[in-house]
S.K.: 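Structure below; questions to follow.
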Number of protein chains: 2
Amino acid sequence: MTVDEPDEMAEQHEPDTVARRGRWRTGERSRRRILDAARALFAERGYDRATVRRIAATAQVDPAMVYYFFETKSRLFTEALALPVNPAEEVAAELSGGVDGLGERIVRHFLDVWDRAPTVEPMLALLRSAPTDERSAAMFTGYIEQEIIARIATVVPEPARLRAELVGSHLMGLLLARHVLRIEPLASTSPDTVATWMGPTLQRYLTDPAPAPDPTA
Amino acid sequence: MTVDEPDEMAEQHEPDTVARRGRWRTGERSRRRILDAARALFAERGYDRATVRRIAATAQVDPAMVYYFFETKSRLFTEALALPVNPAEEVAAELSGGVDGLGERIVRHFLDVWDRAPTVEPMLALLRSAPTDERSAAMFTGYIEQEIIARIATVVPEPARLRAELVGSHLMGLLLARHVLRIEPLASTSPDTVATWMGPTLQRYLTDPAPAPDPTA
DNA sequence: AACTTTGTTCATCGCTTGTTGAATATGAGG
DNA sequence: CCTCATATTCAACAAGCGATGAACAAAGTT
């Protein structure tokens, strides 16, 4: 999954060669290529190490074009990750099925989503950039909190947010171990098996009565 | 927890002022300061964004001294994180208590370790650098796998490694949510409460019989 | 055909990075 | 005293970074 040279870019848009002196007008071609390359490189290397020059090279485009379409690297980052980062309606759909078996449904949902390319890349980009880039840390926690945790918290008993965050932290750990660090054999274990193991755990967090109380808050 | 200017460095070694023209000879003083600053900055900003110049400035030392003592930035990174990254004997001690209540003991152990400064810094440095720096990714997974997962895997039933990695992924998620992203209220919840919630979960991963079998491996 | 707009290229700025080599200071050993 | 190894400073290098501004080319507009 290494994006290195300006070889074959995943382009389902227009299957024509790249060298092109005449017949353009809409820059959307270049714009798409830049966005695709940006998503891939941000996901692979994080915000800092994904340089504008390299994104441009991967997109087979002059670096100045990046600034022509997207004012700045920061805006490119935001725009590249803006669209596909909002599949929260699907989470809402899972939640609408009630809390019975919700834990396993959530694991299956995320494993399924993570194994499909266009959604996992922005998530990886955010996760990779979060430690070094304040903006993406905010975006990541914002996304996790608002879109996931807050929704889960609406359907579980108190302490709802803590329950939801325990689920969220386990899912983040799974994403880290499986898709970023690729620790074996977890990385190669089938989604079904992982869901069977983790489902009851998350279910416990969601619906089991709270354990023994505690003095310190 | 921001290390910015060359103000007060955490130095328990020799409490004397920094300006110093005469009476040295052993460079160990500067060496210690560099190592301390490196640990702090690697932990705070990751490998890439912790610049040699900034480490030197924090250590109140000329940047060239970094290269005088430690050939290269890479070696400094390795050396700075080498020593305190091996508290695996403590894990072994937890494991020697048998598998009864092991889950909760493990959570308590890590929460305790993470709340003590000198051990959490190298871990954060590794976690922050892992996505962008191949060496630290290898160090991180290597540490997690060899020192933690492999040891746990020796005392639990099959599939031992998968069980251990499920535990490990949840712990990594907890570290990420609590100490890196600082998601509330999880970040401020007392170790006791967290241990009470997570303990039985990890225990289930460790000792419960494996769930229904699965075709794909 | 003249003009404007939009896409594209190129050269370059200012800055920071990791790293190096020469010079200088400072102690110890004779 | 001189000598020598070590510690420290200073200036600079090459490379890469994000970003800019001027120029050129192809289309739409009149």
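The model shown is predicted, which means the values in this text are computed figures rather than measured ones. Naming convention: chains lettered A, B, ... in sequence-line order (proteins, then strands); numbering from 1 in each chain.
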S.K.: Find the distance Arg54(A):CZ to dG18(D):C1' and express it as a whole number of Å.
M.R.: 17 Å
S.K.: dT8(D) P sits how many Å from Glu28(B) CD, rounded?
M.R.: 12 Å
S.K.: Figure out the OH/P separation between Tyr68(A) and dG7(C), and round it to whole Å.
M.R.: 4 Å
S.K.: Do Thr193(A) and Thr196(A) have a side chain donor and acceptor closer than 3.5 Å?
M.R.: no
S.K.: Polar atom pairs between nucleotides 13-19 of chain C and protein, under 3.5 Å, N or O only, would you list them?
M.R.:
unit_1  : atom_1 : unit_2   : atom_2 : d
dG18(C) : OP1    : Lys73(B) : NZ     : 2.7
dG18(C) : OP2    : Val52(B) : N      : 3.0
dG18(C) : N7     : Arg53(B) : NH1    : 2.5
dG18(C) : O6     : Arg53(B) : NH2    : 2.8
dT19(C) : OP1    : Thr72(B) : OG1    : 2.9
dT19(C) : OP2    : Tyr67(B) : OH     : 3.2
dT19(C) : OP2    : Thr72(B) : OG1    : 3.3
dT19(C) : OP2    : Lys73(B) : N      : 2.9

S.K.: Is it true that Arg33(A) and Asp36(A) have a side-chain N and a carboxylate O under 4.0 angstrom from each other?
M.R.: no
S.K.: Nearest-Å distance, CZ (Arg29(A)) to C1' (dT8(C))?
M.R.: 13 Å
S.K.: For the pair Glu79(B) and Arg31(B), find out whether any cationic side-chain nitrogen is under 4.0 Å from an anionic carboxylate oxygen.
M.R.: yes
S.K.: How long is the line joining CG of Asp62(A) and C1' of dG21(D), in whole Å?
M.R.: 13 Å
S.K.: Would you call Leu102(B) and Leu202(B) a side-chain contact if the rule is heavy atoms closer than 4.5 Å?
M.R.: no
S.K.: Figure out the CE/P separation between Met65(A) and dA25(D), and round it to whole Å.
M.R.: 16 Å
S.K.: Do Leu76(B) and Phe69(B) have side chains that approach each other closer than 4.5 Å (heavy atoms only, starting at C-beta)?
M.R.: no
S.K.: Thr72(A) and Tyr67(A): side-chain donor and acceptor closer than 3.5 Å?
M.R.: no
S.K.: Rounding to a whole Å, what distance do you find between Leu76(A):CG and dA19(D):C1'?
M.R.: 14 Å
S.K.: For Ser30(A) and dT8(C), is the shortest distance between a side-chain N/O and OP1 or OP2 below 4.0 Å?
M.R.: yes
S.K.: Tell me what Phe69(B) touches on the nucleic acid: a base, only sugar-phosphate, or nothing, going by heavy atoms under 4.0 Å.
M.R.: sugar-phosphate
